[in-house]
Amino acid sequence: MRRIVVVGASAAGLAAVETLRREGYDGTLTLVGDEPHPPYDRPPLSKQVLSGQWDGDRTALRTPEDLAALDLDLRLGVAAAGLDPATGLVRLADGSTVPYDRLVIATGVRPRRLPGDRRTHVLRTLDDALALRDRMGPGRRLVVVGAGFLGAEAAAAASKLGAEVTLLEPAPVPLAHAVGLEVGQALAQAHRERGVELRCGVTVTEATENGVRLADGEVVESDEILVAIGSLPNTDWLAGSGLTVGDGVVCDQYCQAAPNVYAAGDVARWYNPLFGTSMRIEHRTNAAEQGMAAARNLLAAPGARKPFTPVPYFWSDQYDMKIQAYGYLRGHDEVAVVEGNLAERRFLAAYRSGDRITGALAVGMPPRVLRQWRQVIAVRAAWHDAVPNRP
């Protein structure tokens, strides 16, 4: 094994190449990235970069010297366009090919857009964040379509810059599918208190010259539009490869998608034995951890591989709120506030799926409090043991 290719030069891809070198691989190591920038951190884009606290250079994950020390065949600014596992070739958009003995797919996701629209902003890349920031300021009107974590963070950052923000969400309560009705209501109130016009239960059908049109025909006027309605895994380039694709690159518990092919990060859908389900996680911490796990399993003998069984972690910064969570919250059956107070936005909520505790979310609580719940989730504690006085 003398040629390893990692496609995707963000957190997961960087973690993979660093782990490969750290574990002793000294062959040719190619890192392919569709953006011209060296690997950078994405979570600050909707927070510190958009709000003007950071410049773009501060998002770099490694210095030029750090990258040089990895001795990479670095291919930036060129996307992967095809894969032929039979011959072990990755085809790039510039017409060139890169041979491999082993491959890690870490191509991430791309933003969903409104039908037929290319005029609005999205927020996925550094260039996206800088372009939107340049259009914000006192008196500017911004409509954010989608009140998930990304849309909520962007709304908070834009309001700090003095923009008049309208946040539109089709669900009755933002984030209810992920965090539950009561928690979603508490987070929504924080936006309203800061002057954001939050409108729930409305569906945007298209962008217009003056704003966005709702399903009932109303036009919500704005100077700029940010679409934050979710993401699509970047798997189009794998058409015809024979790999199984279904809302991501489908992998086993070892992050293996096919012989000699592994996947990591936002694009990977893998079976997590800890929760007994297949999942695809779009969180920064998971990307780095999975990149490391995929690289180690790629190098290991078949009997020495280890399942990737994380307790997922994510965080969100909105105004003065630090939101943090462990576990797998989606599809939960029950939410219980076990510490603090929702109205004060200082609380910890526990999440039940079946008879097990599967998640915990904290707002404004000391980090040690949430860390204790991580261990509870990791051991698959029974709900009635972890959350007293509940059925």
Side-chain angles (χ1 to χ4, degrees), residues 1-21 23 25-40 61-62 67-68 70-110 124-125 231-252 254-270 280 287-288 290-300 305 308:
M1 181 171 58
R2 301 302 302 166
R3 300 173 300 187
I4 297 178
V5 175
V6 178
V7 183
S10 195
L14 177 64
V17 296
E18 289 185 327
T19 301
L20 290 167
R21 289 303 192 208
E23 296 291 320
Y25 174 72
D26 61 0
T28 300
L29 183 52
T30 301
L31 180 62
V32 177
D34 61 348
E35 294 184 62
H37 309 290
Y40 62 87
L61 286 170
R62 298 293 181 269
L67 289 176
L70 294 171
D71 188 24
L72 300 174
D73 171 23
L74 191 57
R75 311 283 187 97
L76 296 178
V78 56
L83 173 65
D84 186 352
T87 58
L89 288 175
V90 174
R91 180 167 51 86
L92 304 184
D94 63 4
S96 64
T97 57
V98 184
Y100 69 87
D101 299 314
R102 301 285 192 275
L103 172 69
V104 177
I105 298 170
T107 44
V109 296
R110 64 187 184 278
R124 174 65 184 174
T125 69
S231 304
L232 295 168
N234 284 322
T235 56
D236 290 355
W237 68 284
L238 298 172
S241 68
L243 267 63
T244 302
V245 174
D247 186 35
V249 178
V250 178
C251 304
D252 64 14
Y254 304 107
C255 305
Q256 185 173 18
N260 304 323
V261 179
Y262 289 74
D266 296 2
V267 75
R269 171 167 289 280
W270 91 104
R280 186 175 65 82
Q290 195 167 25
M292 291 187 284
R296 293 191 184 106
N297 284 335
L298 179 153
L299 292 175
R305 297 185 304 170
F308 182 54

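None of these values were measured; they are calculated from a predicted model.
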Check side chain to side chain contact (heavy atoms under 4.5 Å, CB included) between [X] and all other residues, then give those that pass, not counting sequence neighbours.
{"X": "Leu74", "answer": "Leu31, Leu72, Leu76"}
{"X": "Gln256", "answer": "Asp252, Tyr262, Arg305"}
{"X": "Ala257", "answer": "Leu243, Val249, Cys251, Val261"}
{"X": "Asp34", "answer": "Ala79"}

For a quick test of your reading: what N or O donor-acceptor pairs under 3.5 Å do the side chains of residues 4-17 make, sequence neighbours left out?
from: Ser10; atom 1: OG; to: Arg42; atom 2: NE; distance (Å): 3.3

Can you sort out the partners of [X] under side chain to side chain donor-acceptor pair (under 3.5 Å), two or more places apart, ordered by chain and number?
{"X": "Asn234", "result": "Arg110"}
{"X": "Thr19", "result": "Arg22"}
{"X": "Arg75", "result": "Asp73"}
{"X": "Ser241", "result": "none"}

For Phe308 and Trp270, the nearest pair of non-hydrogen atoms, with its separation, is O-NE1, 3.0 Å

Minimal heavy-atom distance between Gln290 and Cys255, with the atoms involved, is NE2-SG, 3.6 Å

Using 0.5 Å steps for rounding, measure from the [atom1] atom of [X] to the [atom2] atom of [Y].
{"X": "Arg62", "Y": "Leu70", "atom1": "CZ", "atom2": "CG", "result": "8.5 Å"}
{"X": "Arg21", "Y": "Leu29", "atom1": "CZ", "atom2": "CG", "result": "4.5 Å"}
{"X": "Thr107", "Y": "Leu238", "atom1": "OG1", "atom2": "CG", "result": "6.5 Å"}

Side chain to side chain contact (heavy atoms under 4.5 Å, CB included) for Val32 and Val90? Distances and angles first, verdict last.
CA-CA 10 Å; Val32 177; Val90 174; 5.7 Å; no

Across all chains, not counting sequence neighbours, the salt bridge (Lys or Arg N to Asp or Glu O under 4.0 Å) partners of Arg91 are none

Side chains of residues 98-105: which donor-acceptor partners sit under 3.5 Å, not counting sequence neighbours?
from: Asp101; atom 1: OD2; to: Arg2; atom 2: N; distance (Å): 2.9
from: Asp101; atom 1: OD2; to: Arg3; atom 2: N; distance (Å): 2.9
from: Arg102; atom 1: NH1; to: Asn260; atom 2: OD1; distance (Å): 3.0

Those residues at least two apart in sequence (or on a different chain) that pass ring-ring contact (aromatic ring centres under 6.0 Å, His included) with Tyr40 are His37

message = When you compare the side chain of Asp266 with that of Pro233, does any pair of heavy atoms fall below 4.5 Å?
response = no

So, Arg280 side chain and Val267 main chain: donor-acceptor pair closer than 3.5 Å or not? no

